[in-house]
Amino acid sequence: MSATAGKKPTVDQEVENELYKKRQKIYPREVHGIFARMRTLAMIALLGIFYGLPWLQWNGHQAVLFDLPARKFYIFGLTFWPQDFIYLALLLIIAALSLFLFTALAGRLWCGYACPQTVWTEIFLWIERKVEGSRQQQIKLDKQPMSARKFRIKFTKHLIWILFSLWTGFTFVGWFTPIHELWNELIHFQLGPWETFWILFYGFATYGNAGWMREQVCIYMCPYARFQSAMFDKDTLLVAYDEKRGEPRGPRKKSANPRELGLGDCIDCTMCVQVCPTGIDIRDGLQYQCIGCAACIDICDDVMEKMNYPKGLVRYTTERALEGEHTHILRPRVIVYATLLLILFGALVYAIATRVPLELDILRDRNTLYNETDEGLIENVYTLKVVNMTNRPQKFKLDVEGLKDAKLIARSDLIEAPPGEVVSVPVRVQVDPENLPQPGNDIRFHLESLTQPGLETTEEGRFLGPRPEM
Amino acid sequence: MQKNPTIYKEQQELPTIQRVVSVLWPSFLVASLATVLFFSLFDPADLGRLAGYPELTRTGGYTIGFFAFWLMTAISCGMTCYFRKPVHRPRID
Ligand code: SF4
Ligand code: SF4
């Protein structure tokens with residue numbers, strides 16, 4: 001650290017200094033415009049999915065339910081068990097890669113439009129505006145000393161926020177336990193202690209993050225915001241201010257010709273600063289606090305329109321375009337991400353399409369290598385574990401293959417397995433030593449459902465015997 | 001360290017909220033990941049039976065597991081922060 005002392009402060013240090021400042025509340029001004037509309041649309045769609053989807057039924061169960069108490073996941077017609085963890089892992093890797101690809105191409109589009117933090121902050125801001133009024137009214141209200149009126153307004157706001165947060169917490173838990181049952185328990189005051197706890201916990205997190213923390217979550221807490229600079233390059237889409245066109249900035253009359261006054265197109269109205277939810281000035285250049293919400297684009301376009309200047313002083317662009325070069329969409333990193341993504345996605349689809357919801361594990365009895373029966377047959381003992389990963393009870397027929405005249409002895413001819421259960425089946429296999437070519441032989445167990453044709457699996461095991469006599 | 005008093009001072013003046021966040025938040029993320037991995041391998045109902053609490057529900061098991069992980073990871077993050085604090089060293093140069 002002492003090596004940097006005395007030098008000009010580096011960007012890192014500036015960032016650090018920024019972090020030590022005490023936070024001032026940001027009052028983002030309301031914006032209208034094409035990007036604001038797109039943000040609202042995205043918000044309605046995402047919140048609709050979050051609050052609505054758990055209520056959707058499908059074939060007699062909740063369409064999408066990550067049923068933790070029952071340890072199975074329903075996604076429409078598919079059911080997944082803990083044994084299917086590999087799919088979840090694959091899905092998470094795909095999600096991460098998509099984010100990389102998306103970030104390289106479109107920068108922080110995710111942050112501005114789809115991140116839950118942004119979406120819930122937007123809706124909390126909307127509630128705040130409905131209750132407290134516009135930006136100026138909010139600032140004025142906060143400066144006033146506490147009065148009955150101020151108390152009433154603040155109380156209303158927090159009450160609505162809290163109720164909304166509790167509903168959010170309830171919905172969140174409803175993604176992981178059946179929401180209809182949860183609702184019944186709620187209205188009859190029979191919620192379990194753990195469910196209650198999680199509703200309150202998630203509700204509190206929503207209220208805290210969207211009501212109080214807001215942009216601080218993006219700046220201090222979000223790992224994505226910190227490491228995305230590694231995914232950016234000069235061709236990444238971002239929100240930027242056209243310095244060449246805007247500077248020197250300064251106020252002027254609408255009728256004046258800025259060129260005669262020696263001014264650029266920025267009239268220094270600071271509207272772009274007022275709308276920014278993270279409280280930065282886009283004209284200072286690229287900043288990691290910028291979540292790419294495009295609010296400043298909308299507002300500046302309004303200003304430009306009023307001034308009769310061309311729009312786009314602040315706009316979606318790339319570093320390269322700002323330097324007057326061409327933007328390349330297809331570049332090595334994009335191609336690599338896209339190829340990887342395609343392969344993984346193909347693998348996932350293939351794996352799910354060919355997935356057999358049946359698993360057979362074979363455990364040989366460890367205590368003895370083999371027994372000899374009174375009839376002179378060689379006997380091996382196994383425990384079979386049958387995992388029925390379908391939604392209904394199954395009856396299975398078991399066969400052995402691979403050794404001549406092998407005799408299978410089990411407690412019953414059929415193996416019955418309830419849905420989603422693991423059953424252990426002890427079996428014995430007897431073979432004439434004549435038919436054992438060597439001490440260790442491969443043997444195959446074949447399991448076939450009688451309830452659901454086509455549901456079958458084969459698993460290999462070892463059959464041990466004595467050294468054959470020469 | 002003594003050469004750079006500004007940074008030393010600034011670290012002491014880290015806003016409380018940020019100090020709390022830097023311990024609780026990374027540990028939360030890692031604890032969530034650990035919980036998912038752990039409970040996709042082990043069924044909390046089985047673990048509860050083994051530990052002698054057959055009445056423990058799965059949701060309860062997940063919750064306890066998550067907070068136990070969070071406690072562990074938070075201790076680790078807290079110690080990292082603690083050991084990162086500048087100390088007075090004898091001058092060697
Ligand atoms: S809104 Fe546009 S004109 Fe106004 S200060 Fe910002 S960049 Fe300049
Ligand atoms: S600078 Fe503009 S795009 Fe970036 S966060 Fe602020 S308003 Fe949104």
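P223(A) touches chain B through its side chain: at least one heavy atom from C-beta onward sits under 4.5 Å away, while N, CA, C and O do not. At a 4.5 Å heavy-atom cutoff, the contact between F66(B) and chain A is made by side-chain atoms alone. Contacts between F176(A) and chain B at a heavy-atom distance below 4.5 Å are absent for every atom of the residue.
Applying the side-chain hydrogen bond (donor to acceptor under 3.5 Å, both in side chains) rule to pairs touching residues 184-204 of chain A yields W198(A)-T63(B), sequence neighbours excluded.
Residues P44(B) and R71(A) meet the side-chain proximity criterion, which asks for heavy atoms closer than 4.5 Å.
Close approach to chain A, defined as a heavy atom under 4.5 Å from one of its heavy atoms, is seen in T57(B), R58(B), T59(B), G60(B), Y62(B) of residues 54-62 of chain B, taken by number.
In this structure, F201(A) places its CZ atom where more than 12 heavy-atom neighbours from other residues, nucleotides or ligands lie under 6.0 Å away. Enclosure of atom CD1 in I86(A) is not indicated, since only 12 or fewer non-hydrogen atoms of other residues, nucleotides or ligands lie within 6.0 angstrom.
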Dump the intermediate steps for side chain to side chain contact (heavy atoms under 4.5 Å, CB included) on F85(A) and L41(B), then the final yes or no. CA-CA 9 Å; F85(A) 182 71; L41(B) 285 177; over 6 Å; no
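Across S40(B) and P82(A), no two heavy atoms sit closer than the pair O-CB, 3.8 Å.
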